[in-house]
Amino acid sequence: MSAGFGRIGLGSFVAKGEEPSRSDPASSVWAKRGVLSLLAGIVIGGAAWLLMPPSEGNVAQTEPVKLALASVDPAPPMIASDTSAAEVAGLDRMKISSQTWRRGGLGSKALVTFTVRNDNDYAVKDVEIVCTFTRRDGGHLTDRSRVLADTVGMKSRKTFARVPVGFVNVNADQAKCSLVTARRV
């Protein structure tokens with residue numbers, strides 16, 4: 001009993017119960033050519049579609065991006081009515097005395113360990129740091145900032161261990177953290 005399939009699996013061109021005729025090789029040649037030409041048409045049509053430019057209706061209109069260097073503006077002078085109970089602390093007597101960093105979170109997050117030294121006559125809280133990440137050759141990659149809600153006592157130092165500062169580029173090799181602001185307690 002024959003399933004009715006030809007040599008290349010063109011059994012659907014043969015009616016049920018009918019044997020493919022071995023005497024008419026032209027019909028199988030035409031069937032092969034038809035299938036091959038159909039495949040070639042699909043491939044050529046797909047390639048032409050991929051190479052066509054997008055139409056105006058499907059393209060998002062964007063303005064050119066203007067890049068600017070970041071600059072720090074000097075703080076405006078404080079007016080007596082603007083001062084609150086927690087005023088900004090002077091950073092001239094505060095510094096980061098030691099720092100290291102490592103990767104965490106499957107290598108995508110930066111974990112920074114550093115020690116803040118406070119030589120002021122008052123305690124500070126809400127210390128904000130900014131960490132700059134660079135490549136091995138010194139090229140700038142990214143900046144990440146973090147506000148630490150802990151208090152650093154007067155004339156003391158406090159170590160913050162493995163503080164997550166955010167996602168970093170995979171090419172980041174070096175980190176340099178610095179103090180930005182702190183509030184007086």
Side-chain angles (χ1 to χ4, degrees), residues 39-76 78 82 84 86-120 122-185:
L39 289 174
I42 291 172
V43 169
I44 291 172
W49 178 70
L50 288 174
L51 294 175
M52 287 178 22
S55 65
E56 292 298 320
N58 294 338
V59 177
Q61 300 296 329
T62 59
E63 297 178 11
V65 177
K66 295 180 182 178
L67 299 177
L69 295 174
S71 63
V72 177
D73 295 330
M78 298 281 292
D82 289 345
S84 63
E87 55 189 45
V88 177
L91 294 178
D92 54 342
R93 301 197 67 185
M94 290 180 63
K95 68 178 184 177
I96 295 178
S97 59
S98 66
Q99 63 182 346
T100 59
W101 80 287
R102 67 180 194 144
R103 292 185 180 273
L106 299 175
S108 62
K109 293 182 181 180
L111 302 175
V112 180
T113 299
F114 58 93
T115 301
V116 175
R117 184 173 175 171
N118 181 12
D119 290 334
N120 290 316
Y122 48 85
V124 294
K125 67 176 184 176
D126 296 336
V127 177
E128 181 178 2
I129 62 165
V130 171
C131 296
T132 302
F133 295 92
T134 57
R135 291 186 190 97
R136 186 177 303 261
D137 64 358
H140 178 265
L141 286 173
T142 187
D143 295 329
R144 296 287 180 244
S145 64
R146 176 76 188 235
V147 175
L148 307 166
D150 285 345
T151 302
V152 181
M154 64 179 198
K155 305 262 185 204
S156 68
R157 65 184 75 184
K158 184 167 187 172
T159 300
F160 296 91
R162 289 186 228 110
V163 176
V165 293
F167 293 103
V168 293
N169 191 307
V170 69
N171 297 320
D173 187 57
Q174 300 170 354
K176 174 72 175 151
C177 297
S178 58
L179 296 171
V180 178
T181 61
R183 291 188 346 168
R184 189 176 182 162
V185 176

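Below, each value reflects all heavy atoms present in this structure, side chains not excepted, and no hydrogens, waters or symmetry copies. Keep in mind that what you see is a predicted model, and the values were worked out from it rather than measured.
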Exercise. According to the ring-ring contact (aromatic ring centres under 6.0 Å, His included) rule, which pairs have a member within residues 94-113, sequence neighbours left out?
Worked result: W101-F133
Problem set entry | Reference residue F160; test side-chain contact (heavy atoms from CB on, under 4.5 Å); the match among V152, V127, V112 | V152
Residues in side chain to side chain contact (heavy atoms under 4.5 Å, CB included) with [X], at least two apart?
X: K109; result: F167
X: T100; result: T113
X: Q174; result: T134
X: L141; result: R135, N169, N171, A172

Seminar exercise, completed: Correct closest heavy-atom pair for A123 and G153 would be CB-CA, 3.9 Å
For this session: Write down the atom of A110, the atom of V168, and the distance for their closest heavy-atom approach.
Result: CB-CG1, 3.6 Å
Would you tabulate the side-chain donor-acceptor contacts of residues 89-96 under 3.5 Å, counting partners in other chains and residues two or more places apart, or write 'none'?
residue : atom : partner : partner atom : Å
R93     : NH2  : D119    : O            : 3.3

Exercise. K176: what forms a salt bridge (Lys or Arg N to Asp or Glu O under 4.0 Å) with it, not counting sequence neighbours?
Worked result: none
Problem set entry | Point-to-point distance, once rounded to the nearest 0.5 Å, from CG of L39 to CD1 of I44 | 11.0 Å
Exercise. Could you give the distance from CG (L148) to CD (E128), rounded to the nearest 0.5 Å?
Worked result: 9.0 Å
For this session: Keeping to residues at least two apart or across chains, list the disulfide (SG to SG under 2.5 Å) pairs with something in residues 129-185.
Result: C131-C177
Problem set entry | Within residues 132-170 or reaching into it, pairs that qualify as disulfide (SG to SG under 2.5 Å) - sequence neighbours excluded | none
Problem set entry | Set of side-chain hydrogen bond (donor to acceptor under 3.5 Å, both in side chains) partners for T151, sequence neighbours left out | none
Seminar exercise, completed: Across all chains, not counting sequence neighbours, the side-chain hydrogen bond (donor to acceptor under 3.5 Å, both in side chains) partners of T132 are D143
Seminar exercise, completed: residues 150-170 vs salt bridge (Lys or Arg N to Asp or Glu O under 4.0 Å), sequence neighbours excluded, gives D121-K155, D150-K158
